[in-house]
Amino acid sequence: MSALPTAQELHETLTWLLSNNPSENPLHWNPAERQKRYAILQRAADACSGDTYKSFLPTINAGHPPSLPHDNTAALAYLRQATNHAINEVHNFPVTRGLALWHFYNMGYVIKTPHTTFGIDLHFHGAERLADSLDFLLVSHEHQDHWTSALLDRMADAKKPLITRFHTRGTRLSQPTNLQFPHASVNITIGDHHFGNNRAINDMLIFDLQFPIENHRSLRLIHCGDNSNLDKLPLIGPTPVDAFIFHIKVGLSAPAAFDRLQPRFLLPAHILELAHPIDQYRWSFADALDVTQSIPQDRVRLLTWGERLDLPAP
């Protein structure tokens with residue numbers, strides 16, 4: 001195993017990534033420089049076992065992040081710092097046009113427009129700190145790496161819209177539907193976690209979201225959770241897709257999905273799921289780079305924990 005990165009390396013990695021927003025300036029999207037940082041974060045993650053992650057997760061609180069330790073919890077300290085940074089930005093970062101999107105962990109995202117803020121598949125300790133800022137919450141399916149019980153309960157307590165397949169205090173869905181919120185529409189279709197397995201089909205909510213912007217136009221984002229079935233993805237339609245978020249290793253072909261949707265940005269996800277064993281289902285940055293290598297790199301945005309992507313109106 002490669003040597004652990006030092007605390008200084010990890011601090012510099014986080015600082016560089018959070019200082020080089022991948023969309024504010026096209027020059028900031030530098031795949032070669034980013035891959036150096038991916039490698040450092042990957043080394044820290046590879047030293048953190050699934051058991052370590054599971055035992056450490058409940059102990060993380062909402063206070064100030066610790067210094068980055070030079071041991072097998074270094075990745076967790078990094079995750080905590082990145083998460084705290086993103087939560088603070090969600091609360092305070094002004095979005096005046098288009099949308100801002102934060103990647104939290106695994107398949108977790110918060111999207112903020114000038115008029116609404118919501119979350120999808122948020123799973124991390126302390127996620128309930130976002131409840132006051134979220135207008136609604138979407139959960140693609142019931143696997144535990146896609147939701148946080150405290151956040152679901154907080155949203156339900158506040159009587160805010162909570163859309164899942166399973167939570168009894170929110171809206172439970174298992175059929176296609178269209179939901180209208182004050183400043184967003186969500187077309188929900190049903191996907192398959194493993195379309196080759198009859199026990200894992202029709203078990204995934206796919207979210208196709210549109211947000212009205214100026215001049216009678218809309219921005220559009222698709223989050224397909226752990227859907228593996230290309231044929232169940234939405235079609236392009238009259239509104240182009242601005243961002244498509246997908247699981248890199250569940251069986252969905254990234255090039256085929258890109259050809260079908262032609263998104264402005266493709267966002268690979270479900271990377272560094274630390275609860276999984278290091279050598280089983282814990283997909284790496286190298287895996288994400290591999291599945292997207294045939295796609296024009298200016299159309300791919302591989303985000304790390306805590307990063308923000310700004311999507312102005314095209």
Side-chain angles (χ1 to χ4, degrees), residues 1-20 22 33-89 102-110 121-127 129-130 143-148 150-151 247-249 267-290 301-309:
M1 180 181 293
S2 300
L4 272 169
T6 65
Q8 183 64 24
E9 282 182 291
L10 285 168
H11 174 73
E12 290 174 353
T13 294
L14 180 59
T15 300
W16 189 91
L17 288 166
L18 296 180
S19 300
N20 286 268
E33 285 299 315
R34 291 182 68 86
Q35 286 182 42
K36 295 177 184 178
R37 278 74 185 183
Y38 297 155
I40 293 170
L41 184 51
Q42 187 72 53
R43 281 159 50 205
D46 288 346
C48 179
S49 71
D51 289 340
T52 297
Y53 174 76
K54 291 174 185 177
S55 64
F56 190 87
L57 185 61
T59 71
I60 301 175
N61 59 45
H64 296 292
S67 60
L68 296 171
H70 188 204
D71 57 24
N72 66 353
T73 65
L76 302 176
Y78 182 107
L79 172 60
R80 181 178 178 177
Q81 277 197 331
T83 297
N84 286 342
H85 172 89
I87 290 174
N88 182 64
E89 279 204 335
W102 287 266
H103 173 51
F104 276 86
Y105 176 79
N106 196 36
M107 294 288 288
Y109 293 83
V110 167
D121 282 9
L122 295 173
H123 168 78
F124 55 91
H125 192 274
R129 288 180 282 161
L130 286 168
H143 288 176
Q144 283 194 316
D145 55 339
H146 292 259
W147 54 277
T148 307
L151 175 59
H247 186 318
I248 64 168
K249 281 286 190 176
L267 277 63
H270 216 296
I271 300 159
L272 299 189
E273 169 47 68
L274 298 178
H276 291 162
I278 294 169
D279 58 352
Q280 188 177 24
Y281 306 130
R282 188 191 290 189
W283 313 119
S284 66
F285 291 113
D287 291 319
L289 294 170
D290 179 63
R301 290 295 185 269
L302 176 51
L303 303 181
T304 61
W305 300 324
E307 284 196 89
R308 188 185 83 246
L309 177 68

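Using a 3.5 Å distance cut-off with no hydrogens or angles, the side chains of Asn84 and Arg129 do pair a donor with an acceptor.
A distance of 9.0 Å separates CH2 in Trp16 from NZ in Lys36, rounded to the nearest 0.5 Å. A distance of 7.5 Å separates NE2 in His85 from CG in Leu14, rounded to the nearest 0.5 Å. Between the OG1 atom of Thr83 and the CG atom of Leu76 there is a distance of 10.5 Å, given to the nearest 0.5 Å. Taking CE of Met107 as the start and CD of Glu273 as the end, the distance is 11.0 Å to the nearest 0.5 Å. Leu274 CG to Asp46 CG: the interatomic distance, rounded to the nearest 0.5 Å, is 9.5 Å. From Ile248, atom CD1 reaches atom CG of Asp287 across 5.0 Å, with rounding to the nearest 0.5 Å.
Taking the six-membered ring where the residue is Trp, the centroids of Phe124 and Phe104 are separated by under 6.0 Å.
Counting heavy atoms from C-beta outward, Thr13 and Thr304 have side chains that stay 4.5 Å or more apart. Counting heavy atoms from C-beta on, the side chains of Leu272 and Leu41 come closer than 4.5 Å.
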Item to check | CA sep, side-chain torsions, deciding dist, call: Leu130, Ile87, side chain to side chain contact (heavy atoms under 4.5 Å, CB included) | outcome: CA-CA 7 Å; Leu130 286 168; Ile87 290 174; 4.1 Å; yes
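Scanning all heavy atoms of the two residues, the minimum distance from Thr148 to Leu122 falls at OG1-O, 2.9 Å. The minimum heavy-atom distance between Leu10 and Ala44, with the atom names listed, is CD2-CB, 4.0 Å. Nearest heavy-atom pair, Gly306 versus Leu18, reported as atom, atom and distance to 0.1 Å: O-CD2, 3.6 Å. What you find for His123 and Tyr53 is that their closest heavy atoms are NE2-OH, 3.8 Å. Heavy atoms only, all atoms of each residue included: Ala288 and Ile271 are closest at CB-CD1, 3.6 Å.
For Glu9 and Arg43, the salt-bridge test passes: some basic side-chain N is under 4.0 Å from an acidic carboxylate O.
The salt bridge (charged side-chain N to carboxylate O under 4.0 Å, His left out) test with Glu307 singles out one residue from Arg301, Arg37, Arg34, and that residue is Arg34.
Taking the six-membered ring where tryptophan is involved, the planes of Tyr109 and His103 are tilted, since the angle between them lies from 30° to 60°. Using a 30° and 60° split on the angle between ring planes, Phe285 and Tyr38 fall in the parallel class, below 30°. Ring planes of Tyr105 and Trp305: tilted class, angle from 30 to 60°.
With hydrogens and angles ignored, the 3.5 Å screen pairs a side-chain donor or acceptor of Ser284 with a backbone N or O of Ala286. Thr52 contributes no side-chain N or O that, together with a main-chain N or O of Cys48, makes up a donor-acceptor pair within less than 3.5 Å. Of the possible polar contacts, one joining the His276 side chain to the Tyr281 backbone as a donor-acceptor pair under 3.5 Å is found.
Remark: His270 pairs with His146, His247 by the ring-ring contact (aromatic ring centres under 6.0 Å, His included) rule, at least two apart or across chains. Applying the side chain to side chain contact (heavy atoms under 4.5 Å, CB included) rule to Glu12 yields the partners Gln8; only residues at least two apart in sequence or on another chain are considered.
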